[in-house]
Number of protein chains: 2
Amino acid sequence: MTENICVTEFTPASLNEEEEEKLAVQAKALAHPARVRLLKIMAAQPGCVGGDLVNSIGLAQSTVSEHLRILKDAGFILAEVQRPRICYSVNRSELKNFNFLFESSFKL
Amino acid sequence: MTENICVTEFTPASLNEEEEEKLAVQAKALAHPARVRLLKIMAAQPGCVGGDLVNSIGLAQSTVSEHLRILKDAGFILAEVQRPRICYSVNRSELKNFNFLFESSFKL
DNA sequence: GGAGTATATCGTTTATCGACGATATACGGA
DNA sequence: TCCGTATATCGTCGATAAACGATATACTCC
């Protein structure tokens, strides 16, 4: 360890660990092409889609279900039960919140 | 497969596979708390930081180096060699581009 | 040329992810 | 009540990620 050349002092106070964790967790939910695609499809629908998402994407039903669970856990989508189907839709406020968190974290 | 209830037809033309892939790849680079933290630290610096990042974070030098490589590969940071150090800084245009890609993909 | 310094790479181990088929669940309707 | 349908969960396997210590690399300065 030597003295810094181009480093200003960093104040730990500006590090909000919870926010960082949330940003990372949500980014992880976006970190797969299939999930980006699913989100995009849902965002393009006025209402919601059922398991037709499975047909829109070349993956097994169980795989799609898992991707949807991850997106749901991240808060990016909502699931409305319409037996026997489930109607998924994007949660725009949470998507916007991610966007905001991203911008504010990195001072864009 | 049955007829849809709440699904409108989806046009594959609006699916830009390259963009989806890029969004996923960049999201993956953000999908770790240590990398979010590193980016945040760098974004808070006027210029750049050297390997002091290693000291700012409780991880081994080799681990931090790997995280930095991932961020660099994603285009989120720039590395300027100042032997024997390397000065890292955020690439704001790429961060902003991610933001834009995110917004436009999901129609926010 | 040799020593010192900062960063990158390698090799290993453990943990997590992604995909699938098979099966369970939870309901609506005949 | 039993059947069909849509979704969720389970178990497994191969692939990838994350962490570390040890070592290599690539310079600067004596």
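Keep in mind it's a predicted model, so treat the numbers as computed, not measured. Proteins come first, then strands; the chains are lettered A, B, ... in the order of their sequence lines, and each starts at number 1.
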Cluster question for you: counting only ILVMFWY and a side-chain heavy-atom cut-off of under 4.5 Å, with indirect links fine, are [X] and [Y] together?
X       : Y       : result
A:Ile57 : A:Leu68 : yes
B:Leu78 : B:Val36 : no
A:Phe76 : A:Ile70 : no

Do B:His67 and B:Leu53 touch side chain to side chain, with heavy atoms closer than 4.5 Å?
no
Rounded to the nearest angstrom, tell me the gap between atom [atom1] in [X] and atom [atom2] in [N].
X       : N      : atom1 : atom2 : value
B:Lys72 : C:dT7  : NZ    : C1'   : 10 Å
B:Leu71 : C:dA8  : CG    : C1'   : 15 Å
B:Gln82 : D:dT28 : CD    : C1'   : 14 Å
A:Leu78 : D:dT7  : CG    : C1'   : 17 Å
B:Asp73 : C:dT9  : CG    : C1'   : 14 Å
B:Ile57 : D:dC20 : CD1   : P     : 11 Å
A:Glu80 : D:dT7  : CD    : P     : 13 Å
A:Leu30 : C:dC17 : CG    : C1'   : 16 Å

- At what distance, to the nearest 0.5 angstrom, does NZ of A:Lys40 lie from OG of A:Ser56?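 One finds 13.5 Å between NZ of A:Lys40 and OG of A:Ser56.
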Report the distance from atom CZ of A:Phe100 to atom CG of A:Leu95, rounding to the nearest 0.5 Å.
->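 A:Phe100 atom CZ to A:Leu95 atom CG measures 15.5 Å (nearest 0.5 Å).
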Specify whether B:Phe102 and B:Phe98 have parallel, tilted or perpendicular ring planes, treating 30° as the upper limit for parallel and 60° as the lower limit for perpendicular.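 B:Phe102 vs B:Phe98 ring planes: parallel.
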| said: Is there a side-chain contact between B:Tyr88 and the phosphate of C:dA8, meaning an N or O under 4.0 Å from OP1 or OP2? | reply: yes
To the nearest 10°, let me know how far the axis at one end of the helix from C:dG1-D:dC30 to C:dA30-D:dT1 is tilted from the axis at the other, five pairs an end.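 Answer rounded to 10°: the end axes differ by 20°.
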Side chains of residues 21-30 of chain A: which donor-acceptor partners sit under 3.5 Å, not counting sequence neighbours?
unit_1	atom_1	unit_2	atom_2	d
A:Lys22	NZ	A:Glu94	OE2	3.0
A:Gln26	NE2	A:Ala74	O	2.9
A:Gln26	NE2	A:Glu94	OE2	2.9

With sequence neighbours left out, the residues meeting side chain to side chain donor-acceptor pair (under 3.5 Å) with B:Glu103 are A:Asn99
So the salt bridge (charged side-chain N to carboxylate O under 4.0 Å, His left out) pairs with at least one residue in residues 53-77 of chain A (sequence neighbours excluded) are A:Glu66-A:Arg69, A:Arg69-A:Asp73
Interface polar pairs with nucleotides 25-30 of chain C, N/O, under 3.5 angstrom:
none

Detail all sub-3.5 Å separations between protein N/O atoms and N/O atoms belonging to nucleotides 18-24 of chain C.
unit_1	atom_1	unit_2	atom_2	d
C:dG18	OP2	A:Arg35	NH1	3.4
C:dG18	O3'	A:His32	NE2	3.4
C:dA19	OP1	A:His32	NE2	3.3
C:dA19	OP2	A:His32	NE2	3.4
C:dA19	OP2	A:His67	NE2	2.5
C:dC20	OP2	A:Ala60	N	3.0
C:dC20	OP2	A:Thr63	OG1	3.0
C:dG21	N7	A:Ser62	OG	3.3
C:dG21	O6	A:Ser62	OG	3.1

Treating B:Ser65 as the side-chain partner and B:Gln61 as the backbone partner, does any N or O pair qualify as donor plus acceptor under 3.5 Å?
no
